[in-house]
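Presented below is the structure to which this report refers.
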Number of protein chains: 2
Amino acid sequence: MTKQYRIGAFSKLVGLSAYTLRYYEDQGLIVAHRDANDVRFYTEADIRWVGFILHLKGTGMRLNDLKRYVRLRAQGDATIEERRDMLQKVKDDAEADIAELQMHLQVLGHKIDWYDGKVDQTIADTESFHDYLQQFNEQGADKDG
Amino acid sequence: MTKQYRIGAFSKLVGLSAYTLRYYEDQGLIVAHRDANDVRFYTEADIRWVGFILHLKGTGMRLNDLKRYVRLRAQGDATIEERRDMLQKVKDDAEADIAELQMHLQVLGHKIDWYDGKVDQTIADTESFHDYLQQFNEQGADKDG
DNA sequence: ACTTGCCTTAGAGTGCACTTTAAGGTGTTT
DNA sequence: AAACACCTTAAAGTGCACTCTAAGGCAAGT
């Protein structure tokens, strides 16, 4: 009834190489089904599971943590809180990363503006980027990161 | 007059190991000054330069691109536009990364909410995360990412 | 018959950015 | 005199997540 995919087709579907799918299986992240000839096949549910793995990886979760998450999942509902907390930490970390990234981007943006000023002469030839930056730095800035 | 720092002190100041500072110098990213005994020293201006390098690295710029940037910088004002364009690309890429990250984070957030619902019983024991997710997916969603 | 797609294990290779070691040295401080 | 901070070059090691090769073998399609 529900569609089945062998590793080649599944690979294209989820955007991971067949190598990587076997590697993830080795690592215990995925369990493939097998046909009568021991050939792997995957179903719609596996698409969703790999999709979720990719969301987790996409937020910066490491394979080791992913493995722990999968082990907890296998232990059933008793581990729901622990899994929730894992995800919360991943989320908090990712949000901190974004905040830091945006801080760096702000400086980058100023530098680009400064270059634009140099090119169209609205910034004096003699003004250094450091001096130019001061105006965005007037008060309330921390010294580092 | 202006303060000088040897590699150990400078290392603590900028948060890079002495190894890394020498490595960056090898790679042409930094030029250290030398005293009469060939011992490296750094000044306030070097703090600012390393700071800027860290902003660039912080937005995901690779060492190879950083090297190219530094080479262009050494060639003077004629390369300003090229440098501007490099930074713009780094910025655009980083912003795309953030957008993707936030997309992943949204799913993560939903999963956390779903766990919370399981824990306090506001979500039926039988409801799958996939079904739960559908409500945020009503229309206008692309299939992937 | 041959090609294609899949299977196995074990191990090597890749890319990036460091990080450390080895094995010698100089100069300053305690 | 010993400890400490620094210097050199060249090379090896680390961590992560793949990525690929080797060398064998099955099963289905053309």
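Sequence lines set the chain letters: A, B, ... in the order given, protein chains first and strands last, and positions in each chain run from 1. These figures come from a predicted structure and were not determined experimentally.
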[N] [atom2] sits how many Å from [X] [atom1], rounded?
{"X": "A:Ile7", "N": "C:dT4", "atom1": "CD1", "atom2": "C1'", "value": "15 Å"}
{"X": "B:Arg6", "N": "C:dT26", "atom1": "CZ", "atom2": "C1'", "value": "11 Å"}
{"X": "A:Gln27", "N": "D:dT19", "atom1": "CD", "atom2": "P", "value": "14 Å"}
{"X": "A:Ile30", "N": "D:dC18", "atom1": "CD1", "atom2": "C1'", "value": "13 Å"}
{"X": "B:Tyr5", "N": "D:dA5", "atom1": "OH", "atom2": "P", "value": "19 Å"}
{"X": "A:Ile53", "N": "D:dA17", "atom1": "CD1", "atom2": "P", "value": "13 Å"}
{"X": "A:Phe41", "N": "D:dA27", "atom1": "CZ", "atom2": "P", "value": "17 Å"}
{"X": "A:Leu21", "N": "C:dT8", "atom1": "CG", "atom2": "C1'", "value": "17 Å"}

Report yes if the side chains of A:Phe52 and B:Phe129 come closer than 4.5 Å at any heavy-atom pair, otherwise no.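 In short, these two side chains touch, coming nearer than 4.5 Å.
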
Can you find a pair of side-chain heavy atoms, one from A:Lys57 and one from A:Leu66, that are under 4.5 Å apart? yes

Counting only side-chain heavy atoms from C-beta out, which of D:dC6, D:dA27, C:dC6 sits nearest to A:Asn37?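 My answer, after comparing the listed nucleotides, is D:dA27.
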
Please tell me whether B:Glu82 and B:Tyr69 have a donor and an acceptor in their side chains that are separated by less than 3.5 angstrom. no

Under 3.5 Å, is there a donor-acceptor pair between the side chain of B:Asp46 and the main chain of B:Thr43? yes

Atom NZ of B:Lys12 with >12 non-hydrogen neighbours under 6.0 angstrom: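 Open.
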
Counting only side-chain N and O atoms of A:Arg34, is one of them less than 4.0 Å from OP1 or OP2 of C:dT8? yes

Is the phosphate of C:dC7, meaning OP1 or OP2, less than 4.0 Å from a side-chain N or O of A:Arg40? yes

Check for me whether the distance between the ring centres of A:Tyr42 and A:His33 falls short of 6.0 Å.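 That pair fails the under 6.0 Å test.
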
Out of curiosity, A:Asp113 CG to A:Lys118 NZ, how far, rounded to the nearest 0.5 Å? 14.0 Å

For nucleotides 11-18 of chain C, list the nitrogen or oxygen atoms of the protein found under 3.5 Å from its nitrogen or oxygen atoms, one pair per line.
unit_1 : atom_1 : unit_2  : atom_2 : d
C:dA17 : OP1    : B:Leu63 : N      : 3.2
C:dC18 : OP1    : B:Tyr24 : OH     : 3.4
C:dC18 : OP2    : B:Tyr24 : OH     : 2.4
C:dC18 : OP2    : B:Lys57 : NZ     : 3.4

